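Following: one structure in structure tokens, then a few remarks.
Predicted model only: the values in this text are computed from it and were never measured. The chains referred to below are lettered A, B, ... by the order of the sequence lines, with proteins before strands, and numbering in each begins at 1.
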Amino acid sequence: MATKRRLSNESIESNSSSESFSSMTGKTDLEVNEEALVHHDAGEFHGLIEHQTTAEQAEKLESGSINPFTGNAFSDRYVGILKKRRDLPVHQQRQEFLDIYQKHQIMVFVGETGSGKTTQIPQFVLFDEMPHLKNKQVACTQPRRVAAMSVAERVANEMDVKIGEEVGYSVRFEHKVSNKTILKYMTDGMLLREAMEDHDLTRYSCIILDEAHERTLATDILMGLIKQVVERRPDLKIIVMSATLDAEKFQTYFNEAPLLAVPGRTFPVEVYYTPEYQKDYLDSAMRTVLQIHATEDEGDILLFLTGEDEIEDAVAKLSLEADKLVREENCGPMKVYPLYGSLPPHQQQKIFEKAPEGYNGRPGRKVIVSTNIAETSLTIDGVVYVVDPGFSKQKVYNPRIRVESLLVTPVSKASAQQRAGRAGRTRPGKCFRLYTEEAFQKELIPQSYPEILRSNLSSTVLELKKLGIDDLVHFDFMDPPAPETMMRALEELYYLKCLDAEGNLTELGRLVSLYPLDPMLAVMLVKACDLNCGPEMLTIVSMLSVPNVFVRPGKDKKRADDIKAIFTHPDGDHLTLLNVYHGFKSDEAYEYGVKKWCFDHYLNYRSIQAADNIRNQLERMMERHNLNLESNDYDSPRYFENIKRALAQGFFMQASKKKSNSKGFLTVKDNQQVLIHPSSVLSKEIEWVIYNEFVLTTQNYIRTVTGIKPEWLFEYAPAYFNLDQFMPGDVKMSLERIKERLDVYAKLDKKRKEEKALIENTPEDLAEEKKDKKEKKDKKEKKDKKNKKVKK
DNA sequence: GAGCACTGC
């Protein structure tokens, strides 16, 4: 009690309402091997429908000596695993599950943390469906690839089969499936890709959407799609697996589908709130962590912060303060670890190291300072205390200016509960929320906004079109996106010539939709082939699809910049990326050792390796589509020009013009003031650029930019560059001048052609006169060209 | 003169 009081005096007040977090959501159920904590009676089985499997029959099959799916004898190890599986909470409700499953086409299943739903439900379905007899498969989707792979491995183990045979998985770059496969774990995005080729998902007899409460973009589209597919395929069964929190919403959406809920297996977590609003959550967070260390019993601490910088900063400060506590207050040692996505894997692994030994009866402790990654993707056992300041970085999309950005935002109630639940994995825990209870109740939204409401949807709209959904306005989304977002997406696809004026897929759109790329990138890639620079664009597109390849460590920024200069192409960052990749693939790098080469050149090996992977996948697709993969001669003046022309064909909607007498730029069409990001290699002289992304941080930046000729904009996207629709201003005026000049050229060109025809048929004097004119014009043209060159 | 929350095809 003393502990509590002390805490409440400082920054935390005990709130006697202790929440039970057995309803926690969002984990991958990877830890079902623990002893069961909940025991129900096996229950009576009754009211069975004839011809259908009962739990009893299924269990008999499971405990027989022959594996019904392979025909082989079960191994000894199998029996051991089977025993443990039957201790899982979900096992108690097998019959109940089967009763509902057999009677309904769609059902919602709520399995709380540790119930074993991800591993067991698909197996229950297998014993009921016997899909191998019908030449069908059962699919179970996951939002993350690691989850899909590791769950598949474990279920294969449980079923006593080899991974990739009866049980397999399918994620990008890795498919472990065969013609024997009857249960397939896969990412939700992967199933969506399959649906694009096979609208009715004919190869499946049952589809299980797991972790549906996470509401990824892919899950949301799949749900809408599946709602239509079940109408066409009465034989297809659907199980939507979710957390309790929003189960009702799923039931309603799927036409009042029946619900089955299974208890979880976590410990209660006591929740504390601050008595008043905390102005400085960082300071408050650190004080709380130190406070816990000084006063609470053994158990590790998990602190949630928003991003890399904040985390590294907090880790440094906490480590210092902890040392002070050891010296001055006789506290036990405290080890602090950062955790965030871009941390290299071997460093992420460190969070699993054991906490330091206690000292003088005072507990030693480890503290993990993490982003949201510890909320869903990574589970750390041994955490007993969670400190939650209540913020996270979230993607937001502004359709008006077509910009996605990251904003520090208060978390949702569901998210806060999920965080708290992380304290109750191994024993009862405590969660310290650095905000008031009133704020929790009144200010936090119940659920985080699903991704579909926070994203640019051009890719999604193209996918839906490819899925055969023509009427997007009436498509039954669980949460319909803002009309303006949809309009923006349709508009963008129209200008990219992926949709025609009626909104139908064009030939280009059909092709582009097959690539796992943003439509602008995909169009750029396809168009590059017509300009003989497919292979180069393949590289650029791949390099743009991975996290930043340039590394710039705090202490040798200067050296990193100097080395980057080796790769710099004066025309811009896209071409610089091309140079980096060429360096990566060079004999020199190979002989030197590619990893070391990257390290010494301040390049992120993992990133470039990932780009190489993506490049291979895309290249195979392009070959399959018979696209031209020849290159221009490197010494030809067209080599770089054509690459830039192709860039313009994909990114004409992201063009920008330098402001006169200023280092700033203005974006084309919406006249946003922007600066070129300081990381850019672009020389300052270039007047027109296209940019890969608009980042909204301390300033409006455009990042990854390359110089282009404004004439190309009219050449490749005349519909978009209809100047009547432009806001008056600097950009419009410049474009008008360019357009006028182009029109004059076009006229002259036309005339020249007519004259040429005339020359062939008219008296010589007339021809002479025309020739004169032509010479004059040619001179002017040359002069203009020269001017342009000088400008560049 | 600055930053990448987290996923996914």
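Both the sub-6.0 Å distance and the 45° axial angle are not jointly satisfied by Arg454(A) relative to the ring of Tyr449(A). Taking the ring centre of Tyr169(A) as origin, the terminal cationic atom of Lys184(A) falls outside the region bounded by 6.0 Å and 45° from the ring axis. The side-chain tip of Arg433(A) points at the ring of Phe440(A) from less than 6.0 angstrom away and within 45° of straight on.
Rounded to whole angstrom, the span from the CG atom of Leu462(A) across to the P atom of dG8(B) amounts to 22 Å. Atoms NZ (Lys395(A)) and C1' (dG8(B)) sit 10 Å apart, rounded to a whole Å. One atom, CZ of Phe694(A), and another, P of dG3(B), lie 13 Å apart when rounded to the nearest Å. Going from atom CD of Glu174(A) over to atom C1' of dG8(B) covers 15 Å, rounded to whole Å. For the pair Leu682(A) CG and dG1(B) C1', the interatomic distance rounds to 15 Å; values are reported in whole Å. Atom CZ in Phe550(A) sits roughly 17 Å away from atom P in dG3(B) (whole-Å rounding). Following rounding to the nearest Å, Leu511(A) (CG) and dC9(B) (P) show an atom-to-atom distance of 21 Å. Taking atom CZ of residue Arg419(A) and atom C1' of nucleotide dA5(B), one finds them 10 Å apart after rounding to whole Å.
Applying the ring pair (Phe, Tyr, Trp, His ring centres under 6.0 Å) test to pairs two or more places apart or on separate chains, those with a residue in residues 604-626 of chain A are Tyr515(A)-His625(A).
In this structure, of dA5(B), dT7(B), dC9(B), it is dC9(B) that holds the atom nearest to the side chain of Met190(A). Considering only side-chain atoms of Tyr340(A), the nucleotide from dC9(B), dA2(B), dC6(B) that sits closest is dC6(B). Each of dA5(B), dC9(B), dG1(B) was ranked by its minimum atom distance to the side chain of Lys393(A); first place goes to dA5(B). Counting only heavy atoms from C-beta on, Arg145(A) has its side chain closest to dC9(B) among dC9(B), dG3(B), dG1(B). Listed nucleotides: dA2(B), dA5(B), dC9(B). Nearest to the side chain of Glu308(A): dA5(B). Checked against dT7(B), dA5(B), dC9(B), the side chain of Leu406(A) finds its nearest nucleotide in dA5(B). Each of dG3(B), dA5(B), dC9(B) was ranked by its minimum atom distance to the side chain of Thr371(A); first place goes to dA5(B).
The side chain of Thr187(A) places an N or O atom within less than 4.0 Å of a non-bridging phosphate oxygen (OP1 or OP2) of dC9(B). Not one side-chain nitrogen or oxygen of Lys557(A) sits closer than 4.0 Å to the OP1 or OP2 atom of dA2(B). Phosphate contact (OP1/OP2 of dA2(B), side-chain N/O of Tyr701(A), threshold under 4.0 Å): present.
Applying the ring-ring contact (aromatic ring centres under 6.0 Å, His included) rule to Phe391(A) yields the partners Tyr281(A); only residues at least two apart in sequence or on another chain are considered.
Heavy atoms of Val408(A) sit nowhere under 4.0 angstrom from any nucleic acid atom. Across all strands, Phe173(A) comes closer than 4.0 Å to no nucleic acid atom at all (heavy-atom distances). Using a 4.0 Å heavy-atom distance criterion, Pro143(A) is classed as a sugar-phosphate-only contact.
In terms of position on DNA chain B, the residue among Pro516(A) and Gln394(A) whose nearest nucleotide sits closer to the 5' end is Gln394(A). When each of Gln617(A) and Ser342(A) is assigned the nucleotide of DNA chain B bearing its nearest heavy atom, the one mapping closer to the 5' terminus is Ser342(A).
For Arg552(A) against dA2(B), a side-chain-to-base donor-acceptor contact under 3.5 Å is present.
No side-chain donor from either of Ser459(A) and Asp518(A) sits under 3.5 Å from a side-chain acceptor of the other.
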